[in-house]
Each structure stands twice: as C-alpha cells, then as structure tokens.
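Written below as structure tokens is the structure these notes are about.
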There are 2 protein chains.
Amino acid sequence: MASGRKKSFDENTALNAAMAVFWQKGYVGATLMDLTTRMGINKPSMYSAFGNKEALFVKATQCYIDTKMTPHMELLFEEGVAFKQRLKNHMMSIVSMQCAPEHAKGCYLALCQSELVSGDIPEQAEQILKEADLMPSKLYTELFKNDAEAIALGLNKNAEANGLSIYTLLKGTASMARSGIDKSQLEYSIDSIIAGISIH
Amino acid sequence: MASGRKKSFDENTALNAAMAVFWQKGYVGATLMDLTTRMGINKPSMYSAFGNKEALFVKATQCYIDTKMTPHMELLFEEGVAFKQRLKNHMMSIVSMQCAPEHAKGCYLALCQSELVSGDIPEQAEQILKEADLMPSKLYTELFKNDAEAIALGLNKNAEANGLSIYTLLKGTASMARSGIDKSQLEYSIDSIIAGISIH
DNA sequence: CTCAAATCATACCAGTCGGTACAATTAACA
DNA sequence: TGTTAATTGTACCGACTGGTATGATTTGAG
C-alpha cells in the first residue's frame, strides 16, 4: 500500500499557533488568512488536518484548557499548603499568565466568551466555551464546600458566593491585563483582597 | 433658497440603536447590515448622517460615556453620603446596568477595549477607547487621594492601588454579567468585598 | 407652481470572507 | 522503478464586507 507525501508541518505546533491567534483576535476576528499565516501552512492543509475554522477553534480551545488552564487548577489542591496560600498561588499563577509577553494579554476564554452574546458563534464553538465557563465556578464552589481547612474556617457556608467572588476577580484581572496593566499592580490587588478574605 | 426633503429618522434615536449593536457585537463584529437594520435606515442615510462606520462608532461610544457611564460616576461624589456607601452605590449601579435586560449584558467599553489587542481597530476608535479606559482609573485614584473621609480612613496611602482594585472588580462583574450570571450574585460579591475593605 | 436642495432607495464597486476543485508534488511500498 | 496514496500550491467559488454613484422622491422657498 503506497502511502504518500509526508506532512511538512507538526500538527501540535500549528495548533498552538492557532491558539495564539484566537487568543489575540477571538473567534470572529481571526480570519483564515491570520490563522494559516501564523500556522505556517495554507488553507487546504488546514482543512485536511483540522476540518474547518470551527473545528480548529474547538481543538485550539481544548488545547488551551488542557495546557494553560488545568495547571493553575492543580495549585488549588496542592498538599501541605494552607488554604489561603493555595488560593493565592492559584490566582497569582493565573495573573502571571494573563500578563505574560509570549502571547496576547488577558484570558483566551474570557475573550471568546464575550463574543457569544453576538449570536455569530457556531454551535460547537459555543458549547465548549459555555462548558469551559462553568467549570471554574463548579470547581471553586466544591473547593469551598469540601476542603477541610475551608470548612474549619467556616468558608463552606457561602461556598457558591465565595467561589463566584474568586472567579469575578480573576475575570477582572483578565480584562485589566488585556488593557495592558502591569502584572505587579494586579498582584497587589489580589494580595489586598485575599488578605481581607473574611470572605463572608 | 429651496431646502429639501425632511430627514425621516431621528439622529439620536438612530445613534442609540447603533450603540446597542456595538454593545452586543463589538466594533469588528458589528456589520453595516446589523447597524443600519437596527437603526431603521439604509446605508447612504447612515453615511450622510454619521460619516462612516468608524465615525459612527466614535459617536456611539461618546454617547455611551455621556449617558451610561457618567451618571454612575456622579454617585461617587454625592454629598451627605458616607464614603463606603458612595462606593457601594456606585458599584451597585454599574452592576445593575451590566445585568439589565434592555440591552446586551456586560460593559460596552470593556467589550470593545478587548478588541484593541487584535490590531484591527482604526485609529480614532482606538483613541477614544483608550481614553475611556484611563478615565475611571484616574477618577478612583483621585477619589481615594482627595476625599476627606478616605483620608481619615487612611485609604489615601494606597490611592492608586485601591482605585485599581475597584476597577478590576467592576471589570470582573462586567465579564461575569456578559456570561449571563444573575445580578443578585454579583451584588453579593460586591457586598462581601466592600465589607472587607480594609482595603490596605 | 416652479425650481433647487436635501434625503431616499436601488444597485453597484472592489476587496475579503470561509471553503474547495484540481493538478502538481512528494514519498513509501511492491 | 513504477505505482499509488497523501499533501501541497494555485486558482477559484458564492456570499458578504465597508463604502458609493445615481436617479427617483420629497420638501421648502421664491
């Protein structure tokens, strides 16, 4: 069975490039020209490797979740670290990424989720974005509800509200980071608010 | 001097409709079709009345600042109201707008500012968006720095950091609101964080 | 009533959008 | 070394983008 010409690009490398473009321009704003140029391939290669723009976006988004988002989440459950410190490590780690110079500022997901209201986002893209938005909410709530230390501090009483406060703050830093604010100033805000975390 | 046919639409009404479209879709996402349809006019009428898409956007944005943003700012300086209460009134008023059902959820400015990173926003649109982003930062900082009550509370020591914390939180509620969260839950977050406002 | 000025609707412009047909190129197997 | 399967580059598709030229319509002033 003769099997043909070799692929001249690495799919994973190309996917990371696509992720960077969506991170910068969102779903609608990213054109196939933007994508294929930065991926270093041309349209037919992209379509044969990923399907279409929507499928590429879904894969790029999943790649973001797996490689960028998940590592921050694991900091929340690190053993031998105090509850508040875990929370702080988690948030600082996220803020650091939001301000990193290697890619677009802010949060890939927050940016693309803001496009959902337009009604111009295709179905599967919408689905993964909505799921990704619910995930941290649930995770924070469960953390506040089940963590032994959090229970001892009485933070489990308002687990959901406390979780939403954390999430709200991080969405705020994402937005501020996208506007180009310094990392140090966001860290200072996080520090302040964590310090006063009665939370209630 | 004969002077012709009457305009069949009200410019201000049309401008408000355009504002609603940009609020929903951002600058790039809002097409002339979207705009003219919701404005109830056709393209030549739009171009003769407003210039082009960019000029329409600048006017719509200025309209947003004047009619939507400014009123919230005045709550910060209301006489006979305690400092923390003014801050709370201000934030609650903004959150209420971010969740209002009459128009798109979230913040018009935060949405369009997030498009700046793409590099696809024309010059004058970019300028007004950047100015509008700096304004609240300055205003909060000055409030913390100069308000008699804030000085008495020692909040003037970290005026800039405190101001940025407020702004960060409100950008967060804007993002959460856009995702469709309930107003009551955001109010709860604001309440909690204002309560613990040592701020430091 | 006439005529000039302003707005209206239609139809069009070049450029770009996401997506593809097709043929030239490349490589592994027989 | 052919043969065949896969990838590549080019050139194209209809639909839609922001923006306009044009002529019909409507108005007020003389």
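Sequence lines set the chain letters: A, B, ... in the order given, protein chains first and strands last, and positions in each chain run from 1.
- Nearest nucleotide to the side chain of A:Y47, out of C:dT20, C:dT7, C:dT25: C:dT20.
- A salt bridge between B:D133 and B:K171 is present, with a side-chain N of the basic residue lying under 4.0 Å from a carboxylate O of the acidic one.
- A ring-centre distance under 6.0 Å is found for A:F83 and A:F144.
- Across D:dG19, C:dC8, C:dT20, the shortest atom-to-atom separation from the side chain of A:K43 is found for C:dT20.
- For B:M46 and D:dG18, the CE to P distance is 9 Å, given to the nearest whole Å.
- Scanning atom types as modelled, no donor and acceptor separated by under 3.5 angstrom connect the side chain of B:K53 and the base of D:dG18.
- Of the two residues contacting DNA chain D, namely B:R5 and B:G51, the nearest-nucleotide position lying further toward the 5' end is that of B:G51.
- The number of heavy-atom neighbours closer than 6.0 Å to NZ of B:K145, taken from other residues, nucleotides and ligands shown, is 12 or below.
- C:dC8 atom C1' lies 10 Å from atom CZ of B:F9, rounded to whole Å.
- For B:S45, no side-chain nitrogen or oxygen approaches OP1 or OP2 of C:dT7 to under 4.0 Å.
- A:M33 has its CE atom 17 Å from the P atom of D:dC12, to the nearest Å.
- In this structure, B:L56 atom CG and D:dG18 atom P are separated by 11 Å, rounded to whole Å.
- Here C:dG19 presents its P atom at 14 Å from CZ of A:F50, a figure rounded to the nearest Å.
- Summarising the geometry, the separation between CG on A:D34 and C1' on C:dC17 is reported as 11 Å, rounded to the nearest angstrom.
- When the P atom of D:dT8 is taken as reference, atom CD1 of A:I41 falls 8 Å away, rounded to whole Å.
- Using a 4.0 Å heavy-atom distance criterion, B:A49 is classed as making no nucleic acid contact.
- A side-chain donor-acceptor contact under 3.5 Å links B:D10 to the backbone of B:T13.
- Both tests hold for A:K7 against A:F9: distance to the six-membered ring centre under 6.0 Å, angle to the ring axis within 45°.
- Of the residues near DNA chain D, A:S8 and B:N52, the one whose nearest nucleotide (by heavy atom distance) lies more toward the 5' end is A:S8.
- Within the structure, every side-chain polar atom (N or O) of A:N42 is placed at least 4.0 Å from both OP1 and OP2 of D:dT8.
- Picking from D:dG28, D:dT17, C:dG19 the nucleotide with the shortest atom distance to the side chain of B:K6 gives D:dG28.
- At whole-Å resolution of the value, CG in A:L32 and C1' in C:dG15 are 16 Å apart.
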